[in-house]
Amino acid sequence: MSDMNYKAAIEAILFATGSAIEGSKLMVALGTEEEPVPKKVFNEAIKALMAEYESEDRGIRLIELDGKYQLCTKNDYYEVLGKIVNMPKKHTLTDVLLETLSIVAYKQPVTRAEIEKIRGVSCSHAVNRLVEYNLICEVGRLDAPGHPILFGTTDDFLRSFGISSMDELPDISPDKIEDFRRQAEEEAGIEVTT
Amino acid sequence: MSDMNYKAAIEAILFATGSAIEGSKLMVALGTEEEPVPKKVFNEAIKALMAEYESEDRGIRLIELDGKYQLCTKNDYYEVLGKIVNMPKKHTLTDVLLETLSIVAYKQPVTRAEIEKIRGVSCSHAVNRLVEYNLICEVGRLDAPGHPILFGTTDDFLRSFGISSMDELPDISPDKIEDFRRQAEEEAGIEVTT
Amino acid sequence: MEKLDIKLETFEGPLDLLLHLIEKNKFNIFDIPIVEITKQYLDYLDAMEEEDMDVMSEFLVMAATLISIKSKMLLPKEETEEEEEEDPRAELVKSLLEYKMYKYASSELKDMSIDAANAYFKQESIPKEVKEVKEDIDPAELIGDMTMQQLNEIFKTLLRREIDRVDPVRSKFGTITREEIRLEDKIIEIRNEIKGLKSINFKTLLGAKRGRLNLIVSFLAILELMKSGALVIRQDEMFGDILIDSLE
């Protein structure tokens with residue numbers, strides 16, 4: 001790729017990494033291990049790129065630090081950026097989250113696989129979100145192949161529902177489950193043998 | 001900040017967040033909650049920005065995903081990037097996954113049972129895999145006995161197939177079936193009346 | 001006939017196999033020669049290696065459908081003057097076309113993904129100064145007015161759903177008791193019934209089976225036994241009796 005556009009390639013690399021990259025590494029990436037892009041050519045490209053970024057039309061700049069190069073947001077736009085980052089997000093518990101939460105509450109400690117079995121669909125996203133919301137957390141590992149994580153509800157969970165311990169959860173005993181089964185059978189007018 | 005350079009501000013935001021941001025949010029950030037930047041002004045700025053990114057000198061592009069905007073590297077620099085960045089592993093989509101995915105894409109929201117009816121085989125495994133890959137997700141429940149899960153495609157789906165909205169999916173309207181019919185007729189060398 | 005050496009897994013399902021046969025033979029999808037395609041389809045199943053029951057059953061259901069269509073087409077048409085009788089193949093053609101459409105779409109998607117897969121998305125890199133104002137998510141606010149009672153209801157609904165979901169295919173039959181008639185048992189039953197016998201009338205054999213499911217499973221069992229070489233089926237003339245010979 002001798003006719004590579006170096007400026008564009010540098011931009012792509014610095015954008016993708018987001019971090020500071022040594023000039024020497026960039027020269028190898030643009031050329032080959034044996035034959036990096038000549039320093040002179042590289043310098044020309046990077047200087048031109050830097051100059052372009054300084055234009056008023058650009059919201060990012062290319063900075064040099066100790067022979068390393070990095071792209072970053074221009075200070076002028078911190079305020080606008082702040083508006084987006086701190087824009088009050090609407091955190092709501094969707095049906096998926098509530099369903100997952102109810103399973104953890106009543107079946108804890110419970111693994112992801114068990115939750116998936118009940119819901120019939122994978123639940124990684126919902127579990128992660130609930131952990132992030134601090135409603136559920138890791139409570140241990142199951143003593144089984146792969147040592148899957150066991151999840152349980154948090155103190156925040158109890159506090160949010162205004163209860164002091166899990167004993168106060170409305171009862172779902174094995175008898176209750178038997179009831180559901182009977183009920184479901186009656187509804188369907190069939191007998192389910194197990 | 002009435003003389004803000006909108007193009008630069010959008011670039012700054014999209015660069016820093018790295019994620020797909022809704023156009024409506026950008027309009028608020030560029031203006032205020034009470035008085036967002038007018039849609040027309042915003043659209044002009046974003047279109048101009050998109051066009052500039054398409055220049056050969058740029059290594060990144062601005063893509064639209066269902067009313068959201070995001071920056072990403074240009075495909076041309078995939079190879080160079082691979083030398084520096086650990087590129088994320090691509091999911092290999094088997095034919096089963098692709099078939100299931102295309103049914104979800106065109107028929108969404110759709111239940112597992114509907115997918116199975118079209119494919120003539122069970123699809124639980126494929127559906128779970130696609131959910132895991134974040135190409136499809138739960139979008140609700142069907143108001144029918146058992147309340148089966150409805151599936152739809154995600155933003156990652158749009159990204160993975162390089163389209164900005166579902167309108168850009170290849171056309172497989174009844175016309176297409178008409179084409180198949182014609183094709184079948186030609187192959188059979190006969191005329192089919194309906 | 002040349003030896004067929006096929007693994008069914010190479011086909012995504014019965015519809016895929018049917019489309020393959022239609023294309024291979026250059027059949028017109030709107031006028032499928034049902035006798036010929038049924039024969040070829042059964043030959044495939046016959047040549048098939050031992051597969052797990054799940055895969056097999058899906059292919060067998062289609063075999064049953066084909067045979068049912070075939071029999072409908074062989075029956076003399078009833079002379080109804082008002083309505084034109086629907087082609088018994090119509091439903092199958094519709095399914096095939098729909099499946100073909102999505103198969104086409106999936107190949108298009110495949111091409112698109114190859115082009116699109118080379119873009120790289122950046123991780124968040126929000127400057128520290130901006131990020132410091134980190135929003136706290138208050139679990140209590142998130143829970144809002146939700147009560148434990150409501151959460152309990154949700155859980156109960158889920159449990160009910162899990163029971164409902166037992167088997168999406170079989171549960172659709174409604175009145176069928178799960179596992180009431182097992183194919184494995186039926187194979188043994190029929191095998192014992194016909195052991196050493198020749199020229200058993202198909203109608204008589206199936207006629208003794210009560211109930212729709214019983215009939216279906218018995219039919220599948222006969223197909224299974226045919227496949228494993230425990231019996232052969234013959235029909236000497238058009239519309240004649242179908243006769244079963246046990247080979248054991």
Side-chain angles (χ1 to χ4, degrees), chain A residues 1 4-19 21 25-26 28-33 48-49 52-53 55-61 71-85 87-88 94-96 99 116 119-126 184 187-188, chain B residues 1 4-18 21-22 25-26 28-33 48-49 52 55-61 71-74 76-85 87 112 124 127-132 134 137-141 145-146 148-149 151:
Chain A
M1 217 187 338
M4 195 196 323
N5 186 318
Y6 293 135
K7 283 200 292 184
I10 294 170
E11 180 174 65
I13 293 172
L14 295 182
F15 169 83
T17 60
S19 54
I21 305 277
K25 266 199 187 170
L26 289 170
V28 169
L30 299 183
T32 60
E33 192 74 58
L49 204 51
E52 281 168 29
Y53 276 119
S55 137
E56 278 191 4
D57 268 9
R58 307 301 305 267
I60 43 184
R61 30 197 301 249
L71 287 179
C72 59
T73 317
K74 280 186 186 166
N75 297 351
D76 303 353
Y77 300 102
Y78 277 14
E79 199 190 318
V80 204
L81 180 59
K83 281 203 220 163
I84 287 269
V85 177
M87 207 170 262
T94 58
D95 287 352
V96 184
E99 286 177 13
E116 274 166 20
R119 294 201 55 241
V121 72
S122 63
C123 66
S124 287
H125 180 75
E187 277 166 25
Chain B
M1 221 194 325
M4 195 199 321
N5 186 317
Y6 293 137
K7 284 198 293 183
I10 294 170
E11 182 176 64
I13 293 171
L14 295 183
F15 170 80
T17 59
I21 308 273
E22 272 134 39
K25 275 195 185 167
L26 289 169
V28 170
L30 299 183
T32 61
E33 188 75 58
L49 204 51
E52 282 169 29
S55 138
E56 276 191 7
D57 268 10
R58 308 300 305 267
I60 45 183
R61 30 194 305 245
L71 289 177
C72 67
T73 60
K74 283 187 184 161
D76 302 351
Y77 301 101
Y78 184 78
E79 222 174 293
V80 193
L81 269 176
K83 294 194 205 165
I84 295 227
V85 191
M87 301 300 271
R112 222 180 283 243
S124 286
V127 166
N128 283 341
R129 191 56 65 87
L130 291 171
V131 169
E132 207 177 288
N134 199 27
C137 65
E138 239 182 285
V139 293
R141 296 275 184 171
I149 299 171
F151 294 94

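Sequence lines set the chain letters: A, B, ... in the order given, protein chains first and strands last, and positions in each chain run from 1. When reading the values below, keep in mind they use all heavy atoms of this one structure, side chains included, and skip hydrogens, waters and symmetry mates.
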Query raised in the report: Using non-hydrogen atoms only, which part of B:I84 is less than 4.5 Å away from chain A: side chain, backbone, both, or neither?
Result: side chain
Requested in this report: Identify which of B:D57, B:L71, B:I149 forms the greatest number of heavy-atom pairs closer than 4.5 Å to chain A.
Outcome: B:D57
Query - Toward chain A, the part of B:R141 with a non-hydrogen atom under 4.5 Å - result: side chain
Query raised in the report: So A:V96 and A:R119, side-chain contact (heavy atoms from CB on, under 4.5 Å) or not? Walk me through it.
Result: CA-CA 9 Å; A:V96 184; A:R119 294 201 55 241; 3.8 Å; yes
Query raised in the report: Looking at residues at least two apart in the chain, or sitting in another chain, which of them share a salt bridge (charged side-chain N to carboxylate O under 4.0 Å, His left out) with A:R58?
Result: A:E11, B:E11
**Report entry** Partner chain A: residue of B:I21, B:T32, B:V131 with the largest heavy-atom pair count (under 4.5 Å)
**Finding:** B:V131
Report task. Against chain A, label B:L14 side chain, backbone, both or neither, depending on which of its atoms sit under 4.5 Å from a heavy atom there. Result -> neither
Query raised in the report: Considering all heavy atoms of both residues, which atom of A:M4 and which atom of A:A9 are nearest to each other, and what is their separation?
Result: SD-CB, 3.5 Å
Query raised in the report: Based on non-hydrogen pairs under 4.5 Å, which of A:E33, A:E99, A:K25 is most in contact with chain B?
Result: A:E99
Requested in this report: Look at A:S55, A:S124, A:A29 and state which one has the largest set of heavy-atom pairs under 4.5 Å with chain B.
Outcome: A:A29
Query - Step-by-step side-chain contact (heavy atoms from CB on, under 4.5 Å) determination, B:N5 to A:Y77 - result: CA-CA 10 Å; B:N5 186 317; A:Y77 300 102; 3.8 Å; yes
Query - From CZ (B:F15) to CD1 (B:I60), nearest 0.5 Å - result: 8.0 Å
**Report entry** With A:E52 via salt bridge (charged side-chain N to carboxylate O under 4.0 Å, His left out) - residues at least two apart
**Finding:** A:K7
**Report entry** chain A contact via B:R112 - side chain, backbone, both or neither, heavy atoms under 4.5 Å
**Finding:** side chain
